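The figures that follow rest on heavy atoms only: side chains count, while hydrogens, waters and symmetry mates do not. Quick caveat, the model's predicted, so the values are computed rather than measured.
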Amino acid sequence: MMALVSYSSSEEDEGETSEPPGRRLPPLPPPTTVLRMFQDMEGDEDLDENTKHEGRIRSFKHERGNWATYVYIPFQPQEEFLDLLDELVSVAAENGVLLTKMSEFHISQSQTVVLRHHWINPFVESLKDKLHCMYRFLCIAERIKVYTNQEKTRTFLGLEVSVGMEHLLEVVSEVDRSLQEFNLQTFYQEPSFHVSLAWCVGDKYEKLEGSCLLELQKVIDRFEDSDTLTRFNAEEIRCKAGNKTFCIPLL
C-alpha cells in the first residue's frame, strides 16, 4: 500500500530554507477521512466523563471496539403526551425530586449488552430472521411506576404496560434466542415492561413511592384523553448499536 505524502512545487520553494541534512521531518498526520473511517469501526468516542453524560455512570467500562447495544420498541407520543409529562415532572419536583425528561420513548426488549463491531451485522441478521414474521400489536401503558437501574445510580419514572404483555414476552423470547447465539446476557426473568418518562441521578425510589406515586397516578387518570395518549401500536422493533440504528418492521 502506497504511503500518503504531501508534495509542493519546486519552483515555489526555491527561495525557502531547506531542511539540514540528516534531520528528519515529523510524519504527517493521516487524512481526516482515514481517521473517521477507523473511528467509525471502533464505535463511539470515549465519553466516560460524567459531565458528558449529565452525571450518569456507565454500567460497564468503555473499550475501543465495543458497542453498547440494546433492542427496543419505539413509542412516538402525541404532542399532548408531552403536556402530561410536564405535569408529572412538576408534581415530582414539588415532592423534592428533580427529573429530566427522556428525549425519546420506548419499551426495552433487551438489557444493554456489549457487541464487538464485527458482530453487529450478524446479530441484526439473527434478529431479523426471528422477528420478521411477527405481527403488529396494541400496547397500553397507563400505570405509573418507579424504577432504578441495577446499580441504583439512576431512578426512573415510567408507565408500566397493562395491555400487550403476551406479545412483548413473545418478542423478548425471540430476542433472547439471538442473544444466546452470541453468548450475551438475556432479558430479566420477570420483566416489568414500561415506557421510561423521566430520570434523575441517584436512588430516589423512596421519595417517589407512597403518597407521591398516588399523586402522580391521579395526574394521569384525570388528564384529558389520557386513555388515548397512553396507547400505541407496536409497528417495528429497533436495535441500536453505538450510533447505528436498525429497524425491523412488523407485519
Side-chain angles (χ1 to χ4, degrees), residues 50 53-59 68 70-112 137-165 167-169 171-172 187-188 190-240 245:
N50 286 344
H53 290 276
E54 299 177 296
R56 292 171 288 176
I57 300 172
R58 286 184 181 275
S59 298
Y70 61 98
V71 182
Y72 63 97
I73 294 174
F75 168 44
Q76 309 285 353
Q78 301 177 41
E79 188 173 343
E80 293 81 2
F81 182 87
L82 302 179
D83 296 332
L84 170 60
L85 179 53
D86 285 337
E87 287 197 31
L88 294 172
V89 169
S90 178
V91 169
E94 291 170 2
N95 285 268
V97 180
L98 300 179
L99 296 171
T100 299
K101 291 180 288 186
M102 304 294 289
S103 57
E104 59 181 34
F105 307 94
H106 66 261
I107 299 176
S108 295
Q109 299 293 278
S110 77
Q111 298 189 60
T112 299
F137 55 91
L138 173 68
C139 283
I140 298 178
E142 58 188 359
R143 290 197 296 255
I144 199 75
K145 195 166 181 179
V146 183
Y147 299 88
T148 61
N149 61 353
Q150 290 180 330
E151 299 81 12
K152 297 191 180 299
T153 57
R154 296 176 71 196
T155 302
F156 301 85
L157 194 64
L159 287 175
E160 187 179 31
V161 173
S162 56
V163 173
M165 284 281 295
H167 297 290
L168 293 171
L169 286 170
V171 173
V172 165
F187 206 43
Y188 307 106
E190 297 181 1
S192 173
F193 295 111
H194 63 278
V195 178
S196 291
L197 305 175
W199 65 275
C200 66
V201 174
D203 184 359
K204 306 295 181 182
Y205 184 88
E206 296 297 334
K207 277 195 171 184
L208 289 171
E209 273 289 327
S211 59
C212 179
L213 195 64
L214 292 174
E215 193 175 349
L216 291 166
Q217 187 63 56
K218 287 179 181 179
V219 170
I220 296 173
D221 295 339
R222 295 172 181 171
F223 197 85
E224 185 178 2
D225 296 328
S226 65
D227 57 336
T228 302
L229 298 176
T230 55
R231 65 172 59 206
F232 70 99
N233 286 317
E235 298 180 345
E236 66 178 6
I237 297 165
R238 295 182 184 176
C239 175
K240 186 173 179 64
T245 302

Is a side-chain donor or acceptor of Ser196 paired with a backbone partner of Gly158 at a separation under 3.5 angstrom? no
Ignoring hydrogens, what is the shortest heavy-atom contact between Thr245 and Arg238? Give both atom names and the distance. CG2-CD, 4.1 Å
Quick check for you: to the nearest 0.5 Å, what is the distance between Glu215 atom CD and Ile144 atom CD1? 12.0 Å
I'd like to check Val172 versus Leu168 (side-chain heavy atoms, cut-off strictly below 4.5 Å). Are they in contact? no
Please evaluate residues Gln109 and Phe187 with respect to the criterion side-chain contact (heavy atoms from CB on, under 4.5 Å), reporting the C-alpha separation (whole Å), side-chain torsions for both, the decisive distance (0.1 Å), and the verdict. CA-CA 7 Å; Gln109 299 293 278; Phe187 206 43; 5.6 Å; no
So does Asp203 pair up with Arg154, basic N to acidic O under 4.0 Å? no
Can you name the closest pair of heavy atoms from Leu216 and Leu157 and give their distance? CD1-CD1, 3.8 Å
Decide whether Tyr147 and Thr155 meet the rule of one side-chain donor and one side-chain acceptor closer than 3.5 Å. no
Are the side chains of Val161 and Ile140 in touch, meaning some heavy atoms are under 4.5 Å apart? no
Between Asn149 and Lys152, is there a donor-acceptor pair closer than 3.5 Å when you use the side chain of the first and the backbone of the second? yes
I'd like to know if Glu209 pairs up with Lys207 as an ion pair, taking the criterion as any Lys NZ or Arg NE/NH1/NH2 lying under 4.0 Å from an Asp or Glu carboxylate oxygen. no
Separation between CD of Gln217 and SG of Cys212, rounded to the nearest 0.5 Å: 12.0 Å
Taking CD in Glu79 as the centre, count heavy atoms belonging to other residues, nucleotides or ligands within less than 6.0 Å. Is the count above 12? no
Checking side-chain polar atoms at under 3.5 Å, does Ser90 have a donor or acceptor matched by the opposite partner on Asp86? no
Interatomic distance, Leu99 atom CG to Leu85 atom CG [nearest 0.5 angstrom]: 9.0 Å
Heavy-atom check, side chain of Leu197 versus side chain of Phe156, under 4.5 Å: no
Has His194 got a side-chain atom pairing as donor or acceptor with Ser192's backbone, closer than 3.5 angstrom? yes
Quick check for you: to the nearest 0.5 Å, what is the distance between Tyr70 atom OH and His106 atom NE2? 5.0 Å
Please determine whether side-chain contact (heavy atoms from CB on, under 4.5 Å) holds for the pair Phe193 and Glu160, giving the CA-CA distance in whole Å, both sets of side-chain angles, and the decisive distance to 0.1 Å. CA-CA 6 Å; Phe193 295 111; Glu160 187 179 31; over 6 Å; no
Compare every heavy atom of Leu229 with every heavy atom of Phe75, then report the nearest pair and how far apart it is. CZ-O, 3.7 Å
CD1 (Ile73) and CD (Glu235) are apart, to the nearest 0.5 Å, by 11.0 Å
Determine whether the aromatic ring centres of residues Phe81 and Phe105 are separated by less than 6.0 angstrom. yes
Given side chains that start at C-beta, do those of Val97 and Cys200 come closer than 4.5 Å, heavy atoms only? yes
Would you name the heavy atoms of Val89 and Lys101 that are closest together and state the gap between them? CG2-CG, 3.7 Å
4.5 Å side-chain heavy-atom contact, Leu208 and Leu213: no
As an exercise, state the distance from CG of Leu159 to SG of Cys139, rounded to the nearest 0.5 Å. 12.0 Å
Side-chain contact test, heavy atoms from C-beta onward, threshold under 4.5 Å: evaluate it for Phe232 versus Ile107 and give yes or no. yes
Can you tell if the side chain of Trp199 reaches within under 4.5 Å of the side chain of Lys204, non-hydrogen atoms only? no
Decide yes or no on side-chain contact (heavy atoms from CB on, under 4.5 Å) for Glu142 and Ser226, but give the supporting numbers first. CA-CA 8 Å; Glu142 58 188 359; Ser226 65; over 6 Å; no
